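In the text below, chain A, chain B and the rest are named by the order of the sequence lines, each starting its count at 1. None of the values given here were measured: they were computed from a predicted structure.
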Amino acid sequence: MRTDNKQMTLDAAISRYVKDGSSVAIGMALEASIPFAAGHEIIRQKRHDLTLIGPISDMLFDQMIGAGCVKSVMAAWVGHVGQGGGHAFQRAVEAAVPRAIEMRDHSNFTLTLALTAGSLGVPFIPTQSTLGSELSSTNVDLIERINPLNELGEPLQLVRALHPDVAIIHVQRAAVDGAAHLWGPLGLAKEAALAARDVILTAEEIVPADSLYTDPNRIFIPPFRVSAVVEVAGGAHPAPVAGYYERDHSFAEDYAKSTRDVAGMEAWLRLWVFGMPSHADYREEVGEERWGALRTAASVGAAPIYEGGHA
Amino acid sequence: MRTDNKQMTLDAAISRYVKDGSSVAIGMALEASIPFAAGHEIIRQKRHDLTLIGPISDMLFDQMIGAGCVKSVMAAWVGHVGQGGGHAFQRAVEAAVPRAIEMRDHSNFTLTLALTAGSLGVPFIPTQSTLGSELSSTNVDLIERINPLNELGEPLQLVRALHPDVAIIHVQRAAVDGAAHLWGPLGLAKEAALAARDVILTAEEIVPADSLYTDPNRIFIPPFRVSAVVEVAGGAHPAPVAGYYERDHSFAEDYAKSTRDVAGMEAWLRLWVFGMPSHADYREEVGEERWGALRTAASVGAAPIYEGGHA
Amino acid sequence: MSEGELMMIVAAAREIADGETVFVGMRRPMLAFALAQRLHAPSAVGLYENGIVRQRPTTPVARTMGDPRMTAGATWVGGMATVMGLLAQGHVDLGLLGAGQVDRFGNLNSSYIGDYARPERRLPGSGGSSDITSLAKRCVVLLPHQPQRLVEAVDYLTAPGHGSGSGWRDGVGLPATSAGTTVVVTDLAVLRADAEGELWLTALHAGATVEAVQAATGWPLKISDALRQSAAPTEEECAALAALRQG
Amino acid sequence: MSEGELMMIVAAAREIADGETVFVGMRRPMLAFALAQRLHAPSAVGLYENGIVRQRPTTPVARTMGDPRMTAGATWVGGMATVMGLLAQGHVDLGLLGAGQVDRFGNLNSSYIGDYARPERRLPGSGGSSDITSLAKRCVVLLPHQPQRLVEAVDYLTAPGHGSGSGWRDGVGLPATSAGTTVVVTDLAVLRADAEGELWLTALHAGATVEAVQAATGWPLKISDALRQSAAPTEEECAALAALRQG
């Protein structure tokens, strides 16, 4: 068994797999394990005309939209999960600042079905959910049709399969060959990664592959489907990561306060994104004391499993 | 938090949740963790007119068909994974012995989609797989229709959602409230259990719920969806269970040899099913020596995870 | 927390019966559900859209459903597809959710104020709300009572209530097992849907009057014959809520 | 293991290129894949229908894909939906499978001998074969060379090859990325599909003649201009195969 070494820097991974115009699934585990560091690197590389895909993104979509990277959004919810609305997102939709964005409004379930269809290699999945809503008026991927299996002519919402150009997933630990363990809430992480053309994993830690293969049921997706593995300790901050750190609520609140106008948004990006040549600088800027306060409380470990017999 | 105690005897679980005429998903993890003990209890209780649902069942479907419990089979493959054909299955289809059975021939993927559709609460999932095959001629749940999203008039195979009356799943360990850990190959176990009306878990071991909740990502399905939990150590024999025991290949070969004719089939059922008032008797009949030889080789435990920080 | 806000959480919590499976939205719904779990509904099962099923309350309540304390001790953690699939299969008794606007027939708007093509204001969007009102057996919606929020007809229909009234849900193809928005709980009052899906004023919180509620409601509100005063928050409810909100 | 059987496994293994993703069927395909992994294709990735992805060979080879040794040290273990979804998305280079019958156009029957409504003989069924020949980029089929197995037209079409020939796959709606049955490997010979999907005799194993192969084949077999002798199993292949089959 030969294993490819897919480890690279964040800079290299983004530059190689995220192109202008790419569709990017990011923040698929909802409030947890959001790849903020990867999102910031996309902003630093000034990618534009991106399509963002994600059910509920906390502030990351707001930041990327505020930075002008985004042309289109396929999402169920965009904003700031602590506060509600996201200022940059509102400015973009209401006033085309810094640019107009096109919305494809999904519900959580329709986005689930779109990515599930993608991961299963099927063209669409039908559902009764969202019938009667206006979501399809902003989303050409929701198509109402008569149920072809039903003589009564009942309508169904057909949800077209989605295949992101790239899915960026933040995991607890990964190996250089693409094996990874992700736990805590998964949201649509697996479906998005399986449906995507390329998968970038950012990881709290890089570990030997054999340590992950002691528990192949927890391997995130088959490693041959992973394009890049990047070590980024703290790479989800201010989002939480189970077993590593809590959500940095006050950082998130500061973001909301700071970005009420365009000047504030630009200042925030200058400070936290453009002012940080790499995530190591960002980590340092957050500071040891803050990281210490965010560390999750000690907990009992998971009940062990053995593939063979117990030793 | 109040937790229901769903533990009961195998006898009680089968008698309560498997009725004459029920559709029963069983053997969903394919060759591994097949609930043979539960299947034998169904035979002992002389259930009839069952519909069996399962992708690839090894000998269990053959046994239940040979015992006359089965009216209909929704499966991709029925036989004996070590030998190929199953004698009782062949007698039933070719000569209606001991009774005629109706086949709904699936492929692995169409059965996957049927149960996935059930678990997602959607009426069907379309696929290109099996187009041009004759599977739909024996299976009314595969319906060819023009792709409603496609102007070119391309056909799709629509796979109708399936909701088993009961799914029987053998797991490594379970708690009385329905929490369980299952690892090793899963096949369609999750989809079948999620789509089923009732779920019976047979478990190698009953353990305290809190020990399972140390690793909620490994909990099989949300416990509120489980109807019954049954302790049956060795309950998958002669199928293997990861971390517990190997497949008993010679037992399986003996079954194939013994059941070449109806008399042999009946003798086998008398000896191994009707002759065993309970699975404890079966376990004893298999014998300590044989169990010892089947025990899986010691292995390194899985890499630990922590929900909070490391202690 | 204002008294009206507190009453909104308490009144919503009271809608949850013990043992029910509840799909729990972000923020206010999380607090209301945690309160019910701590008090009268200890065996209620919470389903969260990020892929968590939880029967044990966290104290204090998590600020977001992705906080590590939501995972630790959860009864199941996995993906969104499983919890949404349980919802779509009809296994959810109650959806508990917020909204930007609700209208006379319980339709919700969480997407656009004004014309969606040129909106005055963009709200965060459906999240799970469109699925919850499509598929849960019944739904409790929490929002502040303001005339721009309780409107005659929503600007944009994010999540289906009863559309234009009787028969609408069936006509658009929604499942018969789901009743859409059945209760709206605000900081002033409780509104309940009748058989046609129209929301009636059924309870007033302390200090609220019919006139004040009508003035804060964008349609001529029907008043229930059985209109009553909401029971004031008990000491137990207040203490539990304070404990949940600490930290 | 007979010489023909051994040659069948060896010849099938040789069809696997290093680094390919291979959907591996039960029994003979498992052995052929394990052999390739041990020799010329150490980085081939095996996908198994029970939900295993494995890059490391087991020694000896597992008797069934559910044996614990298949899980231990696997690169991924989960469900059937994921591996089938990868297949349906076009991520599988090669399917390796058995069959009850194969016909002139590479269609497979693993279900019914005779009329399916009153079959003379019931075979176990599709398993994953119908999906693999529908969706994998190309497929290698292993079966013993007997006239009742290599037939002019299959009694029942379990898994689509090229139907009635040129254009058929496209016409029935199969994806253009999948070529169906491209190679049939028997204990006597190797047959390869031409652009119209018809199987031609392209290689003879040691001891087999064109006449013997034709006699064991149910249609008038086209003989490739480039017909060659299969290279005899090497010492390395024999030793590896023996090691895989021990125990």
Using atom types as modelled and distance alone, determine if a side-chain donor or acceptor of [X] lies under 3.5 Å from a backbone N or O of [Y].
X: B/Glu154; Y: D/Gly173; result: no
X: B/Thr112; Y: D/Ala81; result: no
X: B/Glu94; Y: D/Arg122; result: yes

Where on [X] is there a heavy atom nearer than 4.5 Å to chain B: the side chain, the backbone, both, or neither?
X: D/Tyr112; value: side chain
X: D/Ala72; value: neither
X: D/Arg121; value: both
X: D/Leu174; value: both

Evaluate the side-chain proximity of [Y] to [X]: yes if any heavy-atom separation is below 4.5 Å, no if none is.
X: B/Glu246; Y: D/Pro68; result: yes
X: D/Ser110; Y: B/Trp77; result: no
X: D/Asp67; Y: B/His249; result: yes
X: B/Pro185; Y: D/Thr71; result: yes

Side chain to side chain contact (heavy atoms under 4.5 Å, CB included) between D/Tyr156 and B/Thr138, intermediate numbers included: CA-CA 11 Å; D/Tyr156 176 92; B/Thr138 58; 3.4 Å; yes
So, taking the atom named [atom1] in [X] and the one named [atom2] in [Y], what distance separates them when rounded to the nearest 0.5 Å?
X: D/Met80; Y: B/Ile56; atom1: CE; atom2: CD1; result: 5.5 Å
X: D/Arg169; Y: B/Leu131; atom1: CZ; atom2: CG; result: 10.0 Å
X: D/Glu49; Y: B/Ser107; atom1: CD; atom2: OG; result: 10.5 Å
X: D/Met26; Y: B/Glu31; atom1: CE; atom2: CD; result: 6.0 Å

Minimum heavy-atom distance between [X] and [Y], given as atom pair plus value:
X: B/Gly82; Y: D/Arg27; answer: O-NH1, 3.2 Å
X: D/Gly85; Y: B/Phe109; answer: N-CE1, 4.3 Å
X: D/Asp155; Y: B/Glu134; answer: O-OE2, 4.1 Å

CD (D/Glu3) with more than 12 external heavy atoms under 6.0 Å: no
Atom CG of B/Asp261: over 12 foreign heavy atoms under 6.0 Å: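 Yes.
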Top contributor to chain D contacts, counting heavy-atom pairs under 4.5 Å, from [options]:
options: B/Gly84, B/Gly85, B/Ala239, B/Gly86; answer: B/Gly84
options: B/Ala32, B/Gly184, B/Ala96, B/Ser129; answer: B/Ser129
options: B/Asn147, B/Thr110, B/Leu135; answer: B/Leu135
options: B/Ala242, B/Pro155, B/Ala92; answer: B/Pro155

Quick one: which of [options] has the most heavy-atom pairs under 4.5 Å with chain B, could you say?
options: D/Val172, D/Val154, D/Ile132, D/Asp131; answer: D/Asp131
options: D/Gly128, D/Gly78, D/Ala74, D/Gly163; answer: D/Gly78
options: D/Gly127, D/Ser126, D/Gly79; answer: D/Gly127

D/Tyr116 and B/Asp105: side chain donor to acceptor below 3.5 Å: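 No, B/Asp105 and D/Tyr116 have no side-chain donor paired with an acceptor closer than 3.5 Å.
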Against chain D, label [X] side chain, backbone, both or neither, depending on which of its atoms sit under 4.5 Å from a heavy atom there.
X: B/Gln157; result: neither
X: B/Ser137; result: both
X: B/His106; result: backbone

